[in-house]
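Report on the structure given below.
Everything numeric in this text was worked out from a predicted model, so none of it was measured. The figures here come from the full heavy-atom set of this structure, side chains too, leaving out hydrogens, waters and symmetry mates. Note on naming: letters A, B, ... go to the chains in the order of the sequence lines (proteins, then strands), and numbering restarts at 1 for each one.
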Protein chains: 6
Amino acid sequence: MKLEDKMELTHFDEHGNARMVDVSKKDITSRSACAVGSILVNKEIVEKIEHSDMKKGDVLGVARIAGIMGVKKTSDLIPLCHPLMINKVNIDFEIDKVNCLIYAYCAVKCNGKTGVEMEALTGVNICLLTIYDMCKAVSKDMEIKNVHLVSKSGGKSGDFVWKE
Amino acid sequence: MKLEDKMELTHFDEHGNARMVDVSKKDITSRSACAVGSILVNKEIVEKIEHSDMKKGDVLGVARIAGIMGVKKTSDLIPLCHPLMINKVNIDFEIDKVNCLIYAYCAVKCNGKTGVEMEALTGVNICLLTIYDMCKAVSKDMEIKNVHLVSKSGGKSGDFVWKE
Amino acid sequence: MKLEDKMELTHFDEHGNARMVDVSKKDITSRSACAVGSILVNKEIVEKIEHSDMKKGDVLGVARIAGIMGVKKTSDLIPLCHPLMINKVNIDFEIDKVNCLIYAYCAVKCNGKTGVEMEALTGVNICLLTIYDMCKAVSKDMEIKNVHLVSKSGGKSGDFVWKE
Amino acid sequence: MKLEDKMELTHFDEHGNARMVDVSKKDITSRSACAVGSILVNKEIVEKIEHSDMKKGDVLGVARIAGIMGVKKTSDLIPLCHPLMINKVNIDFEIDKVNCLIYAYCAVKCNGKTGVEMEALTGVNICLLTIYDMCKAVSKDMEIKNVHLVSKSGGKSGDFVWKE
Amino acid sequence: MKLEDKMELTHFDEHGNARMVDVSKKDITSRSACAVGSILVNKEIVEKIEHSDMKKGDVLGVARIAGIMGVKKTSDLIPLCHPLMINKVNIDFEIDKVNCLIYAYCAVKCNGKTGVEMEALTGVNICLLTIYDMCKAVSKDMEIKNVHLVSKSGGKSGDFVWKE
Amino acid sequence: MKLEDKMELTHFDEHGNARMVDVSKKDITSRSACAVGSILVNKEIVEKIEHSDMKKGDVLGVARIAGIMGVKKTSDLIPLCHPLMINKVNIDFEIDKVNCLIYAYCAVKCNGKTGVEMEALTGVNICLLTIYDMCKAVSKDMEIKNVHLVSKSGGKSGDFVWKE
């Protein structure tokens, strides 16, 4: 892909009509992507989530399942996404107790003609929305923050690493 | 609902098992919610989106449809959400050219036994993910930021307004 | 609804933005709609369908199930459709042997704030597509023809009957 | 495929039971299909659609997104369709002002073991239903007409071109 | 409902055509149902599940989420089921260590025109299938057994209690 | 796969977190699986089903379509299942009149990195649930029994045959 091509909104044709980009000629290669995002909660919620377990309610366990299932629905949710055969989904959480932030990481792999960036980002978003849903009875002052790609590899456009 | 009840993670029973909360006894009332969120893009993308029209590719028009359809899928995406008969969905965008931020607002109404907060938040997230998807060929340095509830009304837990 | 209101494309707001129309204030009333459409096939297919039975393959039986399930997916398929609690779906077929036309009728009822016209039309379309799919190994010279509303009742906009 | 095979309703086994045909032994080849269909509207609607833009409401833009998303749902809608990894979807419209007809074309590509005829036809149908939905407040005297395959290529059964 | 009515396959009309039964005239009443089923596993799996926790892998926690989400998909899975607004879903498990059986119970409530028997049964089935999926790397000699209704209440056909 | 690997719950990582297993390195091979299950009904239902035809209502025909469509939804229903491109689905029934049992068999094939055991089992379950739904107006004393894998082939873990 030449530089000038990369500058275009490839999801529209020369008349400005939305389209699902033709990837027929692209090779099937191994691709992976990882995305991250966080949700700001209050101290009470951070503590409930940190001490959650199967006795008290496993908030992050539910969010993880929602995220994995959300990854599989990406092409159903994002209009111009190609369907993909997902090979792997991993979701991890990190709790930043000081700043009351719950981080969700989503790593996705496939063998396909397009990348899995949207799948990883969708997984993170559905995780965070699910945490929101399960904690909203405690407080509605939560905020989803800073969802972005961490890295991707594979495909013509090459590798990408997020620079903080 | 008493104060102490509100403090609980209502999506889990006394043994810590996830459940879809029983709303049988709740009244069907008129409910509304509005959520907002933004995506940080680069100058080039802001300009493309600002000058987009049906000739050049209507990024926000596609994102709006994705958001509206996403609202209708909320209970399919968020494990413990109740299905709801949506009465209205409105999605608006605001472009902050100086800070390279595209804001998405999603307002939802229903008559139901539970609120539409999750629907409004899901609509915003799907909108922003769709903008990401359509602009990622230009740059992958985008970031979804600050998705939160703006306000809600209706239901026992009363009205809510976000305080900046 | 006044005449001039009926003349507008109500699915767009005053800025031309697509929206799911607000039906909060509308009453829940009993509504029904019936739609029809046909598929033109060749003589061989008409005969196979006419003589089809559980021994030889029940084309119309499969199409009927697809149509009923399609009715339930309407608000998932048509972006600005409201979800509705369907009360009834009936699908009937008529074979016009002389003209090689298979007619599909779909009648839908609900109690809701909006009508079931789109549900009835979607049911007809999915029926006809399913017939196409099952007969396309015999011939691809089929054509879906003349899908339209037959009648509707209920709701503010009143009753409608198609005039041939 | 021999002639006599082509004459059979391959979606049923020798006992007349519906089945999803075994394509295990078929090669994965490049396949494409294009379908067309039209909707007859009144003069007022034709004009609204023709002059539609992002200010007044982009009917065809919404229909295009619905059509693309509909293509991806084909195997979920048509009972005996195989799931396929879609490589490309393009939807175009043509307005025949004299005859008050809006034409929708849908072109689909995949690499797969079965063709994308049903995907192209489903895309056209969902487009036309979406136009219907957005214009039905103006008039319900619309009619979906003449949905058929334009051409297909790839696969054992060879190429096909519709003869008017 | 008279006895002779109860004897008919109500999902077919007088010509034997499948239909979604007309419930327009039925009242919206409070309805509940509970179903149960079990899966026979080997000793090793029973132990893994019994001692499972968030450290070792919470098999039943994942199965519970799958079951709750499955309940919400019932009308999408069972062709002639009416869509329903679910008010509550509860899923419980019981481990019979001696007989190597894992029991899943699913209790569902709604206010609607039809009952939630199919929803409760679907929830149990999806739970058990999910347990199967997560344990099949250990052994494939598992068996889903004895899925049936435990009780239902509400609606014209009255209450039902399973007699062992 | 070594014996000790087979003993692990592979759907969880070393911290006990659920994950979709990484199959990137696995080869795409031809895989098939067959599952069976039965539903115990009363004499009256057995007779209605046995004599059912297109005149009286084809219970098994409807159940077959539901089962085939259910197979295609497997990865949407079972949280940690990989999506797969299904090549074939066949569903057969057997009526054991003496014991009032209806047996459903589901055979599935794909070329993929994981097997189709879950698809075959899901197909059987949806079939039996659909029979239940269509016969529950006659009697609710039905019971789904003994759903298990009959055989599978392909993949590293080798072939499997159920031993009665």
Short of 3.5 Å, which donor-acceptor contacts do chain C and chain B share? List atoms and distances.
from   : atom 1 : to     : atom 2 : distance (Å)
C/N17  : OD1    : B/R64  : NH1    : 3.3
C/N17  : OD1    : B/R64  : NH2    : 3.2
C/M20  : N      : B/V89  : O      : 2.9
C/M20  : O      : B/V89  : N      : 3.3
C/D22  : OD2    : B/K109 : NZ     : 3.0
C/V23  : N      : B/N87  : O      : 3.0
C/S75  : O      : B/K72  : NZ     : 2.7
C/D76  : OD1    : B/K73  : NZ     : 3.0
C/I78  : O      : B/K72  : NZ     : 3.2
C/P79  : O      : B/K72  : NZ     : 2.8
C/C81  : O      : B/K72  : NZ     : 2.8
C/H82  : NE2    : B/N87  : O      : 3.1
C/K113 : NZ     : B/N111 : OD1    : 3.3

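Taken from CE in B/M69 to CG in C/L80, the straight-line distance is 8.5 Å, to the nearest 0.5 Å.
Residue contact with chain C, scored on non-hydrogen atoms closer than 4.5 Å, involves the side chain of B/I65 exclusively. The part of C/L84 that comes within reach of chain B is its backbone (N, CA, C, O), which places non-hydrogen atoms under 4.5 angstrom from that chain. Looking at C/V23, the atoms closer than 4.5 Å to chain B (heavy atoms on both sides) sit in the backbone and in the side chain alike.
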